[in-house]
Amino acid sequence: MPELPDVEAFREVLASCAKGRRIERVDVRDPGVLHGVSARKLRRELEGRRFTEPERHGKWLLARTDWGSPLLERSRELGGGPTVMLHFGMTGQLLCCAPDDAPHPHDRVLFTVGRDSADRDGVGRDGVGGDRQLRYRDQRKLQGLWLADDTGVARILDRQGPDAMAVDRDAFDTVLSGRRGRVKAVLTDQSVLAGLGNLLADEILWRAGLHPAIPAAALTDAQRGRLYKDMRRTLRSSISAGCVPPRRSWLTGHRDDSDAACPRCGEPLRRDRIGGRGTVWCPRCQPIAA
DNA sequence: GCATATGTTATGAA
DNA sequence: TTTCATAACATATG
């Protein structure tokens, strides 16, 4: 699932499920998803803290915490608590469940959170108000969870380019024209631009009418402008959908067809391996010599 | 058994 | 130094 729009949806899940709530229990069902931290240390560092406003950069989700006690004013000065850095690989998800919902076999880490600290009588707006459980679920375990202080967070984010949804036109230009690789490889390189994955890159290039193998540095200013605009349009729709939607009017809606045809011109779609990933494009809408 | 899959990183070669 | 392909990671599906 996870590219920028999916991770943005997970950020919203985290915010609505756990923000402002005390972390009552951390249950690591599979320590194989933890990186650089033991299950014991994760529990010790997090239990009793409170989730604050989560952030996203590219495909990284940052679950920030503070002390979750009456010292909250002071804790802000002290820099708050540690941050759980989540990466979802190809198959990760974040879900909000009731603590007594039967666990899924791929639920790897469970965070049980208490009632909202602003909710003094313990009855939430929905009348439920009880504990909730945030679940990190992942089939393939290609990535996982890190626990980081501010330095650790910076060390990870330092290797990321600007967020694809936040980057402005100037920075986009700088980043693209400074690369010698093919445009698809450049767009999906997280150290250049953070957030675009395989589906999004193909979708955006198809919309912009650019062949994925064009050298990024060979794009004209007008082509970069179209690419930027179509990237933002595609991201905006995908964020509202919570994923890159497999609509029939989109290229993504035809990836799995056996005899896939371009939804715009009907031409048979071409497939190849570019940047090490399965790539789909329309030879008519995306000529190599555009 | 084979190939494929929304991701990242290490490695060796060009 | 940069870029590229490939394998590896763990698991499921066709």
Side-chain angles (χ1 to χ4, degrees), chain A residues 1-11 29-36 56-61 85-95 104-109 136-146 155-161 163-165 174-206 212-218 231 234-235 237-239 241-247 250-260 269-281:
Chain A
M1 300 186 109
E3 299 181 63
L4 187 157
D6 309 85
V7 181
E8 180 60 20
F10 301 148
R11 192 189 64 76
R29 312 190 87 223
D30 183 349
V33 298
L34 300 183
H35 297 264
R56 181 193 57 74
H57 185 96
K59 301 175 189 173
W60 283 98
L61 180 60
M85 305 276 298
L86 301 99
H87 198 295
F88 299 90
M90 303 236 290
T91 51
Q93 304 172 67
L94 196 66
L95 300 93
H104 185 281
H106 298 144
D107 283 343
R108 311 295 184 182
V109 183
Y136 179 83
R137 181 176 298 176
D138 190 24
Q139 173 192 111
R140 287 173 67 181
K141 302 191 284 184
L142 290 174
Q143 298 292 322
L145 279 67
W146 286 250
R155 206 176 312 134
I156 289 174
L157 294 188
D158 274 356
R159 281 180 280 150
Q160 299 284 299
D163 183 81
M165 196 63 237
T174 307
V175 132
L176 271 195
S177 37
R179 294 278 152 172
R180 281 179 298 174
R182 294 174 287 187
V183 62
K184 167 156 178 179
V186 173
L187 288 177
T188 52
D189 183 337
Q190 304 301 299
S191 69
V192 173
L193 190 65
L196 305 185
N198 200 40
L199 297 189
L200 275 172
D202 281 2
E203 188 69 42
I204 293 164
L205 289 166
W206 173 72
I214 297 173
M231 175 178 78
T234 308
L235 281 173
S237 311
S238 300
I239 287 170
C243 65
V244 188
R247 289 179 200 143
W250 291 38
L251 180 71
T252 304
H254 296 259
R255 287 188 84 90
D256 300 330
D257 298 1
S258 46
D259 291 307
L269 294 175
R270 200 67 61 82
R271 292 174 193 275
D272 204 345
R273 205 149 265 277
I274 293 182
R277 309 299 308 275
T279 301
V280 181
W281 76 94

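The sequence lines fix the lettering, A, B, ..., with proteins before strands; numbering per chain opens at 1.
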- Establish, with yes or no, whether the OP1 or OP2 oxygen of C:dT3 is under 4.0 angstrom from a side-chain nitrogen or oxygen of A:Arg179. yes
- With a 4.0 Å cut-off on heavy atoms, is A:Arg159 in touch with a base, just the backbone sugar-phosphate, or nothing at all? sugar-phosphate
- Task: Indicate whether the side chain of A:Thr91 and that of A:Asp138 have a donor and an acceptor atom separated by less than 3.5 Å.
- Result: yes
- Message: Applying a 4.0 Å non-hydrogen cut-off, can you work out what A:Glu3 is touching in the nucleic acid: base, sugar-phosphate, or nothing?
- Response: sugar-phosphate
- Item | Rounded distance (Å) that lies between atom P of C:dT11 and atom CG of A:Asp138 | 10 Å
- Message: At less than 4.0 Å, is any side-chain N or O atom of A:His87 found next to OP1 or OP2 of B:dG7? Yes or no.
- Response: no
- Message: Does C:dC9 have OP1 or OP2 under 4.0 Å away from a side-chain N or O of A:Lys141?
- Response: no
- Whole-Å distance separating the CZ atom of A:Arg140 from the C1' atom of C:dA8: 11 Å
- Query: Counting only N and O atoms by type, is there a donor-acceptor contact under 3.5 Å from the side chain of A:Gln190 to the main-chain atoms of A:Gly195?
  - Reply: yes
- For A:Asn198 and B:dT4, what is the distance between atoms CG and P respectively, to the nearest whole Å? 13 Å
- Task: Take atom CG of A:Leu145 and atom P of B:dT8, then tell me their distance rounded to the nearest Å.
- Result: 16 Å
- Message: Could you identify the nucleotide paired to B:dA13, looking across every strand shown and requiring Watson-Crick or G-U wobble geometry with both distances under 3.5 Å?
- Response: C:dT3
- Item | A:Arg182, nearest nucleotide to its side chain (from B:dG7, C:dA12, C:dA5) | C:dA5
- Query: Which whole number of Å gives the distance between the P atom of B:dT6 and that of C:dT3?
  - Reply: 23 Å
- How long is the line joining CG of A:Leu142 and C1' of B:dT6, in whole Å? 11 Å
- Judged by nearest nucleotide, the residue sitting upstream toward the 5' end of DNA chain B, A:Gln160 or A:Gly278, is A:Gly278
- Message: With a 4.0 Å cutoff (strictly under), does any side-chain N or O of A:Arg277 reach OP1 or OP2 of B:dG7?
- Response: yes
- Message: Any donor-acceptor pair under 3.5 Å linking the side-chain atoms of A:His254 with those of A:Asp257?
- Response: yes
- Hey, is A:Arg56 close enough to A:Asp163 for a salt bridge, meaning N to O under 4.0 Å? yes
- Message: Checking the side chain of A:Asp107 only, and the main-chain atoms of A:Arg137 only, is there a donor and an acceptor separated by less than 3.5 Å?
- Response: no
- Item | Length of the line joining A:Asp272:CG and B:dA3:P, which is rounded to integer Å | 16 Å
- Query: Using purine N1 to pyrimidine N3 plus N6-O4 or O6-N4 for Watson-Crick, or N1-O2 and O6-N3 for G-U wobble, both under 3.5 Å, which nucleotide pairs with B:dT6?
  - Reply: none
- C:dA5 base to A:Arg273 side chain: any donor-acceptor pair below 3.5 Å? no
- Taking for each residue the nucleotide of DNA chain B with the nearest heavy atom, is it A:Trp60 or A:Arg271 whose nucleotide lies nearer the 5' end? A:Arg271
- Query: Expressed in angstrom and rounded to an integer, what is the separation of A:Asp202 atom CG from B:dT6 atom C1'?
  - Reply: 11 Å
- Task: Using the P atom on both, measure B:dT8 against C:dT1 and round to a whole Å.
- Result: 24 Å
- Mind checking the CD-OG spacing from A:Glu203 to A:Ser238? Nearest 0.5 Å is all I need. 7.0 Å
- At under 4.0 Å, does any side-chain N or O of A:His106 touch on OP1 or OP2 of C:dA10? no
- Query: Please give, in whole Å, the distance from B:dT6 C1' to A:Arg255 CZ?
  - Reply: 8 Å
- Answer with base, sugar-phosphate or nothing: what part of the nucleic acid does A:Arg180 contact at a heavy-atom distance below 4.0 Å? sugar-phosphate
